[in-house]
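Let me begin by presenting the structure, written as structure tokens, before commenting on it.
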Amino acid sequence: MRTHTSGELRLENKDQVVTLCGWVNAQRDHGGLVFIDLRDRYGMTQVVFDPDNGAEMLNLARSLRNEDVIEATGKVVPRGEKLVNPKLATGQIEIVVSKLTVLNRSKTPPFLPGSTEIANEEIRLKHRYLDLRRPQLQEAMIFRHKFSKLVRDYFDKNGFLDIETPMLGRSTPEGARDYLVPSRVHEGAFYALPQSPQIYKQMLMVAGFDRYMQIARCFRDEDLRADRQPEFTQIDVEMAFVKMEDILGMIDGLVAYVMKEMRGIDHPLPLPRMSYRDAAERFGSDKPDLRFGMELKCLGEVAARCGFGVFQTTIQNGGRVRGICAVGGAPKYSRKVIDELTEFVKTYGAQGLAFFRVNETGLDSPIAKFFSEEDQQAIIAKFEAKPGDIIFCVADKQKVTSAALAALRNRLGKELQLYDPKQMHFSWLLDFPLFNWNEEDKRWDAEHHPFCDPVTEDVPFFETDPGQIRAQSYDMIINGYEAASGSVRIHDPVVQQKVFDLLGIKEEEAEARFGFLLDALRYGAPPHAGVALGLDRWVMLFLGNDNIRDVIAFPKTQKAADMLTGAPAPVDDRQLRDLHIKVNTPK
RNA sequence: GGAACGGUAGUGUAAUGGAAGCACAUCGGUUUAUCAGACCGAAAGCAGAGGUUCAAGUCCUCUCCGUUCCUCCA
């Protein structure tokens, strides 16, 4: 139907007769003359209706409304010097229309895709097809496509095979809750949608496909967040005959490739690495935003000997007093704002938030009087603080100081604009502990999953100090988000048995839960390792968004509902009967 | 399982417990150079239920919906 798109005509196309199709972004009726901004995903072009080309067509043009779909044929005409619109890529020209066809009318839309004001998200999701007409979402979808293609190209060049794995699998009650699918044929039995293709990709390694990748949909029935959807897309990778370094190097290469293709940047390699322990101590987080400093410092000795009761008792009870220093923050954080910050850290379990403004002579704070001159100077030295800075401290159990200060650090970093929001900072976090002591249940839990290979030299700790054992696992952190996660898998049955023993998983239980995987690993499994990258998050971060819904065409609300289709919804009794299901909802 | 914030014409956004206003969109009209068109006019609204009060969009309780966070997400 069309000869060109609405984004491509320029001065060089002068005098050509062209046909454009698209949506009416705006109509300007000047009585004798009508202008239409015609929009498609490529851009916008002004088309003009002149009364010289017939009153009938002019009246038709006057009847056009926002989001009507039209086909317009006419001549490309340069605009007069004063009539050029510099805001449009096509602003040098316009189309003087000789033939107008209304392809379809639109109901009055609830909101205008071309408007600068953005409707409430609930409305946008209800009419997602209109929301997706907005240039911002169009760009997001286009970027997402390009990114996925680059990823596939990269792995293809490196000899990876794209192999699909099933959506209907078996529920393995570990980790997140499964989405279940009832079987019609097998009465009372259920499939589960995959939380990840983990088990299948390991089997593909056993099968000899030593380089596998897939852009895979994953499902987890857990609470949603700004960066978390119940179904999401993962770039799933597994390699055989490799060590951890090989995986890290392969993904380093992907980062460099994507940065080069997307941004024209030669990203230096290898990507920086940090140990879990370092990250916990310096940033209180296993996914620190490394675009800025503001590291956590420990006030241990000073807190123990100062006269401030809260600090003293915290130390006596085995807790910690830690803090961060906001450079130049003293004038920006008034008492009122600090009260807000206090409420903020309380949501992370902190009891309160101590603060010290740094001045020429020492510390200015309601609790400064509890600190001797030397201790005040010691604090200033610890934070390398200068007059005008403000120091915030939290006294609590180690875990709480970490959570509260890490969240506060992220907030302050953003508020104080300590980084360029367009910057992408990639790093690896390594040396995770293999096991976590679960204080409540008095037992060891797997930090990652029970198939994660321990660092070889740490294996003797199984008998002495399991908490010391490091895992051969790795997370990629981008701008404070966990953007990828993976591990070397256990292929040695002896090591696997040690892990199961420590986790208290009995042989029968292991066989019942993952017997099919364990069995596969017994038939000549090569050493293998893999990683999974969160595609939605990568796209979100590249686009500088802070909400994953903005890079997913049809996302779900926080209650995992689809506003567009009304899913989830009740089904016919007939369907339930076929599936041997009786619904029993409490009143 | 919990916390915070929010829901006002189609959309966005106002309104000390005392007359629900503005902008865009919509409908009718005028306008030959606009591009956030201009101008004249019209129509259109307090999420639902209950309560407090002389009086409730505003205060209270519950329900529904949305957002953010905690728990959760091996």
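Residue numbers start from 1 in every chain, and the chains themselves are labelled A, B, ... in the order their sequence lines are given, proteins ahead of strands. The structure displayed is predicted, hence computed values, not measured ones.
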* To do: Report yes if at least one side-chain N or O of K87(A) is closer than 4.0 Å to OP1 or OP2 of C35(B); otherwise report no.
  => no
* When all nucleic acid strands are considered with a 4.0 Å heavy-atom cut-off, which category describes N85(A): base, sugar-phosphate, or nothing? -> base
* Asked: So what's G21(B) paired with, Watson-Crick or G-U wobble, going by both distances under 3.5 Å?
  -> U13(B)
* Asked: If only side-chain N and O atoms of T557(A) are considered, is one of them under 4.0 Å from the OP1 or OP2 phosphate oxygen of G66(B)?
  -> yes
* Could you state the atom-to-atom distance from CD of E340(A) to C1' of C69(B) in whole Å? => 16 Å
* Among residues 219-232 of chain A, which contact RNA chain B at a heavy-atom distance under 4.0 Å? -> R220(A), E222(A), D223(A), R225(A), A226(A), R228(A)
* Structure fact -> When rounded to whole Å, the CZ to C1' distance for the pair R79(A) and U34(B) reads 9 Å
* Base, sugar-phosphate, or nothing: which does F344(A) touch, judged by heavy atoms less than 4.0 Å apart? -> nothing
* Please work out which residues in residues 112-133 of chain A have a non-hydrogen atom less than 4.0 Å from an atom of RNA chain B and list them by number. => L112(A), E117(A), I118(A), A119(A), N120(A), E121(A), E122(A), I123(A)
* To do: Establish, with yes or no, whether the OP1 or OP2 oxygen of U68(B) is under 4.0 angstrom from a side-chain nitrogen or oxygen of N547(A).
  => yes
* To do: Tell which nucleotide pairs with A3(B), taking only Watson-Crick or G-U wobble pairs whose two distances are both under 3.5 angstrom.
  => U68(B)
* Asked: What do you reckon, do F35(A) and the base of U34(B) stack, with centroid distance below 5.5 Å and planes below 30°?
  -> yes
* To do: Take the protein atom CZ of R62(A) and the nucleotide atom P of U32(B), then report the distance between them rounded to whole Å.
  => 9 Å
* To do: May I ask you to say what K82(A) touches in the nucleic acid, namely base, sugar-phosphate or nothing, with a heavy-atom cut-off under 4.0 Å?
  => nothing
* Among side-chain atoms of Q195(A) and D178(A), is any donor-acceptor pair under 3.5 angstrom? -> yes
* Structure fact -> Separation of G28(B) atom P from R65(A) atom CZ, nearest Å, is 7 Å
